[in-house]
Amino acid sequence: MVAIRVIREEGADPAVPLPSYETAGAAGADVRANLPDRGSIMLEPGHRVLVPTGLRIEIPAGFEVQVRPRSGLALKHGITLPNTPGTIDSDYRGPLGVIVLNAGQEVFEIAHGDRIAQLVVAPVVQADFALAEGLSDTARGAGGFGSTGRG
Ligand SMILES: O=c1ccn([C@H]2C[C@H](O)[C@@H](COP(=O)(O)OP(=O)(O)OP(=O)(O)O)O2)c(=O)[nH]1
């Protein structure tokens, strides 16, 4: 368990619950739209929108938060995130937004308080990218992009 400090944006509706896990074993905490002024967003097919959550968060160093789609919305309505998984950096202190894409065929309504995505907290390792003379040999070598065949 890791503690994440959360503050609400000025003007955000405090009645909208903070991100929360629906079950004891859930990997993602559902995050909700906070649309006190707009009430709801009618998202046309093929369009995308930055949905405010009304939150700012402070992720401990060494962790990130991934913003992932909800599979139910994806299957039933084609609602996805074009940047999935969205990356929230531990040093980011701005508004937490969710970029929602309607990849379905119908207009989709995002209502105030709807659970629009899920947040997965994950450890991060930073690398030291160092220029080298060459790389080690492996069985795969340069094979990729389907080199092992289909199925
Ligand atoms: O779904 C997302 C993705 C990102 N962010 C915020 C937090 C993140 O730390 C910041 C920058 O995101 P990212 O690094 O993916 O964006 P970039 O396009 O590389 O922008 P920047 O140059 O600001 O890093 O934007 C969100 O609120 N929601």
Side-chain angles (χ1 to χ4, degrees), residues 1-132 135 140 142-147:
M1 192 74 79
V2 72
I4 293 191
R5 288 156 64 98
V6 182
I7 59 171
R8 292 198 192 269
E9 288 274 31
E10 213 177 292
D13 179 0
V16 174
L18 295 183
S20 61
Y21 298 94
E22 291 294 311
T23 66
D30 288 345
V31 64
R32 296 170 182 270
N34 202 311
L35 310 165
D37 303 329
R38 295 153 89 173
S40 71
I41 297 169
M42 302 304 287
L43 190 58
E44 300 283 334
H47 287 219
R48 60 186 182 274
V49 65
L50 181 61
V51 179
T53 65
L55 305 173
R56 295 179 188 229
I57 65 176
E58 182 174 335
I59 305 164
F63 293 88
E64 61 157 338
V65 166
Q66 300 175 1
V67 187
R68 298 195 195 169
R70 296 186 62 216
S71 58
L73 292 180
L75 180 63
K76 289 182 208 146
H77 305 286
I79 294 301
T80 187
L81 314 181
N83 64 330
T84 190
T87 304
I88 313 299
D89 302 285
S90 65
D91 57 354
Y92 179 69
R93 299 289 180 271
L96 176 62
V98 179
I99 308 165
V100 177
L101 169 68
N102 184 353
Q105 269 98 51
E106 314 284 336
V107 175
F108 183 76
E109 179 179 14
I110 301 167
H112 179 58
D114 276 357
R115 292 178 290 148
I116 46 168
Q118 55 186 322
L119 306 180
V120 174
V121 182
V124 163
V125 178
Q126 281 194 339
D128 175 17
F129 293 91
L131 208 53
L135 305 178
R140 172 183 286 275
F145 309 102
S147 66

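On a predicted model such as this, the values are computed, not experimentally measured, just so you know. Along the sequence shown, residues carry numbers from 1. Every number for a ligand or one of its atoms is a count from 1 in the order of the listing.
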- prompt: Is any side-chain heavy atom of Q105 closer than 4.5 Å to a side-chain heavy atom of P45?
  reply: no

- request: Kindly give the heavy-atom pair with the smallest separation between D13 and P36, and that separation in Å.
  value: N-CG, 4.1 Å

field: Smallest separation among heavy atoms of I4 and P60, with atom names
entry: CG1-CD, 4.1 Å

statement: Closest heavy-atom pair, T84 versus P69, reported as atoms and distance to 0.1 Å, is OG1-CD, 3.0 Å

query: Considering only heavy atoms, which protein residues lie less than 4.0 Å from any atom of ligand 1?
result: N83, G86, T87, I88, D89, Y92, P95, L96, G97

message: Evaluate I7 against L55 for side-chain contact (heavy atoms from CB on, under 4.5 Å), listing each step before the verdict.
response: CA-CA 6 Å; I7 59 171; L55 305 173; over 6 Å; no

- prompt: Hey, mind stepping through H112 and V16 against side-chain contact (heavy atoms from CB on, under 4.5 Å) and telling me if it holds?
  reply: CA-CA 8 Å; H112 179 58; V16 174; 3.6 Å; yes

